[in-house]
Amino acid sequence: MSSVGASSGADRNGDAAIRFAAVHKWYGSFHVLRNINLTVGRGERIVVCGPSGSGKSTLIRCVNRLEEHQRGSIVVDGVELTDDIKRIDEVRREVGMVFQSFNLFPHLTILENCALAPIWVRKMPRRDADELAMKLLSRVKILDQAHKYPGQLSGGQQQRAAIARALCMTPKIMLFDEPTSSLDPEMVKEVLDTMTELAQEGMTMIVVTHEMGFARQVADRVVFMDRGEIVEVNAPAPFFDHPQHERTKLFLSQILH
Amino acid sequence: MEPVAYVREAPEPEDPPPTLTSGALAWARTNLFSSFGSSLTTIGFLALIGYLLPQLAAWATTRAVWSAMDGAACRQHQDGACWAFVIAKWDYLRFGSYPVAERWRVDVVEAIGAVLIVWLLWTNAPRRAWAALLFFVVYPILALVLLRGSSLLGLPFVDTLLWGGIFVSLVTAVVGIVFSLPLGVLLALGRRSPLPVVRVASVVFIEFVRGVPFITILFMANNLLPLFLPATWAPDRFLRPLAGIVMFSAAYMAEEVRGGLQSLGKGQYEAALALGLNYPRMMGLVILPQALTFVIPGIVNNFIGLFMDTTLISVVGMTDFLEAMNNAIKDPVWAGPTIMVTGYVFAAIFYFSFCYGMARYSAHVERILAKGRK
C-alpha cells in the first residue's frame, strides 16, 4: 500500500499523523473492519467512500475512540489508542470531528458551543476562548449568528458552526463523517467550500463522503471500502478515471450516472 | 384545456384571511359557541357558576364569623365559615408547640428563606450564583442553629418533638426538594453506569423504594434507621422522616431523570466526547442541562407530590400543618359544626397555593427555556 498515492509520500512511513496496522473490529459476531492497514501522512487529505454498511464511518470513529477496535493497532499523532483513558483524552484533544447530524449542543448559543471545550478542556480564560471562537466563526462566515441557538440556524450554517466548534480546539487532525449527507441540496456547497479552504491551509483530514466532485478536487488519496475491507486506494484522477477492482468499478458506475 | 407551459408575470398579492381570526369575539365564537350543542353547554355552565359562586363567596366572606373568643358565635352562624377559629389558632398552626418566647427564631428563618428563594427563583435576578451559595450552603446551617438552638449563641435548645405546624411542613418540603433532586440525578446516572456494582446498587435502591408504600418507608426510617447506626448518635426524631422522604422522592426523581437522559440522542454524547470533555464535564455541561430541561414537568410533578406527602410524617409522631389543624379542630372550646369544614378548607387553600405556585413557576421556566431554542 505504501506505493499508492502521489503526494506526501515522504511522510508515509516516518512521522505519520494516523497509522492503522492490521485493525479488526466486530459488532457482536459481525466483522465490521477487516485487516485495515492505512497510513495518513501529516497534511494529507483522505476521502473515504463506499456503499452504506461498508465500515467507513466505523473506521474514522476508531480514530478518536468513539468506537474501539479489538485487534491491531491505531497510532494517532504518535499516541497508540488503548483502554488508557488518559491517552484517549490526549488523542481527542488533537482530533476534531464533524458529524452528519451536526450534534451542536442545542441548549447553548453558537458562541458557547464553540468556547465550551477550549474553556473546560484547554483551560483557556473565557475571554480568550470567546475571542478565538469569534475568529473561527468569522472564518466559516457565520459571525452574525454567534449569539443565536443552533435551532435558529439553517442546516448549512449549523454544519459550519460545528466545523468552527471543532477548530476551536486547534486540532491537528480533522475527521468528517458524511458532513453534507443531511443537508438540503442548496446548502451542500457552502459546507464543502469551508472544508476546501481548510484543506488548502494544510489540515490533515479524513473525510467520509459521497461528494465525488469534492474528492476529485481536494483529496490526495481516495480510499474505497466495501464489506469492512479496503478495496482500493489511489490518487483521485486515476481512482475515478481508471478504477482497477471490479467492486470499485461497480460502485462508481452506481453513483456517477 | 390548460396549456403545458406557464410563466408568472406579476406577483400574487398577500391578502388577509377571509374570517375574523383574532380578538375576544373570534375566540368566544370558536371556543364557546362553535355549534348549537356547545352554545347550550356554555350557557348551562355559566348558569351553574352564576348560581354557585355567589353562595360560596357569601359563605366565605359576608356570612362568615371573623372574630370571636370561642366557638359560641360560630355555633350561632352555621351558614358561614368560622375564620375566627383559624385566627385564634394561627400561632399554633404556624409553630406547633415551639416555645412562645423562641418563636421569633422561626420567623427569622422563614423570612430569610423566603428572600433567598425569591432571589434564587427570580430568573432575572442579579448574582443568582450567590443566592444559590447562600441558600444551599449557608442557610441550612443558619436554620439548624436558629431552630434547634445553640449554647454558644445563648439560644435555648428546642427539641424537635416540640416543632410543629406550617414551619415543619415547609422544612420537610424544602429538605425533600433540595436533597431528592441531586440524589435522584446520581441514582439515574448510577443506573446507566457501565460499572456493574454501581448499576446494581442503584437499581436495587430505586426498585425497592418504588415498590414500597411511603408510609412503610417512614416507619422503616423511624424504627430501622436507629438500629443501623451506633446508639450514641441515634438520629433525631425529625431527621428520620426527613431521611425517609428524601429517599422516597429520590427514587421517583431518578426514574424521571432517566427518562430525560434516554430522550437525548447518542450524538450529544459523541460530540462532547469528541471535543475531549471527560465524563463529569460531559454530564454537567452538555447532557444533564438538556435532560433535566426535558423533564421539568415531571420533576415539578414529583415536587408537588412530595409537598402533599409531607402530611404523612404525622404517622411517625411529627406535627405537620395538617396534623396541627387536626389537633386544633379537636379543641372543645371551639367545638361546632362549621369548625371542621373551615379548618380543612383553609388547609386546602394553603396546600393548593403552594402547589399551584410551583406549577406556574415551572411553566414560566419552560417558556423561558423554550424561547431561545424554538
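Per chain, numbering begins at 1; letters A, B, ... match sequence-line order. Note that this is a predicted model, so its numbers are computed, not measured.
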(message) Tell me if a side-chain donor or acceptor on A:His107 pairs with a main-chain N or O of B:Leu285 at a distance below 3.5 Å.
(response)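 Yes; judged by distance alone, with no hydrogens or angles, the pair exists.
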(request) Check whether any side-chain N or O of A:Asn64 sits under 3.5 Å from a backbone N or O of B:Ala274 as a donor-acceptor pair, and report yes or no. (result)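 Pair absent, no side-chain N/O of A:Asn64 close to backbone of B:Ala274.
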(request) Evaluate the side-chain proximity of A:Arg61 to B:Glu270: yes if any heavy-atom separation is below 4.5 Å, no if none is. (result)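 Yes. Closest side-chain heavy atoms under 4.5 Å.
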(message) I want to check something: taking the side chain as every heavy atom from C-beta on, are B:Leu273 and A:Leu66 in contact at a cut-off of under 4.5 Å?
(response)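 In short, these two side chains touch, coming nearer than 4.5 Å.
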(message) Under the side chain to side chain donor-acceptor pair (under 3.5 Å) definition, can you give me all pairs with a residue in residues 125-139 of chain A, not counting sequence neighbours?
(response)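 Listed once each, the pairs are A:Arg139-A:Glu201.
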(message) Minimum heavy-atom separation for B:Ala271 and A:Phe105, please, with both atom names.
(response)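 Scanning both residues completely, I find the closest heavy atoms to be CB-CE2, 3.9 Å.
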Near [X] [atom1], under 6.0 Å, is it more than 12 heavy atoms from other residues, nucleotides or ligands?
| X | atom1 | result |
| --- | --- | --- |
| B:Trp119 | CH2 | yes |
| B:Phe208 | CZ | no |
| B:Phe179 | CZ | no |
| A:Tyr27 | OH | yes |
| A:Trp26 | CH2 | yes |

(message) If the contact rule is any heavy atom under 4.5 Å from chain B, which residues of residues 73-86 of chain A qualify, in numerical order?
(response) none
(request) Pick whichever of A:Leu104, A:Val98, A:Val91, A:Val95 has the most heavy-atom pairs under 4.5 Å with chain B. (result) A:Leu104
(request) Considering only heavy atoms and a distance below 4.5 Å, find which of A:Leu116, A:Thr109, A:Asn103, A:Leu175 pairs most often with chain B. (result)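 Top option by heavy-atom pairs under 4.5 Å: A:Asn103.
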(message) If I take atom CZ from residue A:Phe99 and atom CD from residue B:Gln268, how far apart are they, to the nearest 0.5 angstrom?
(response) 10.0 Å
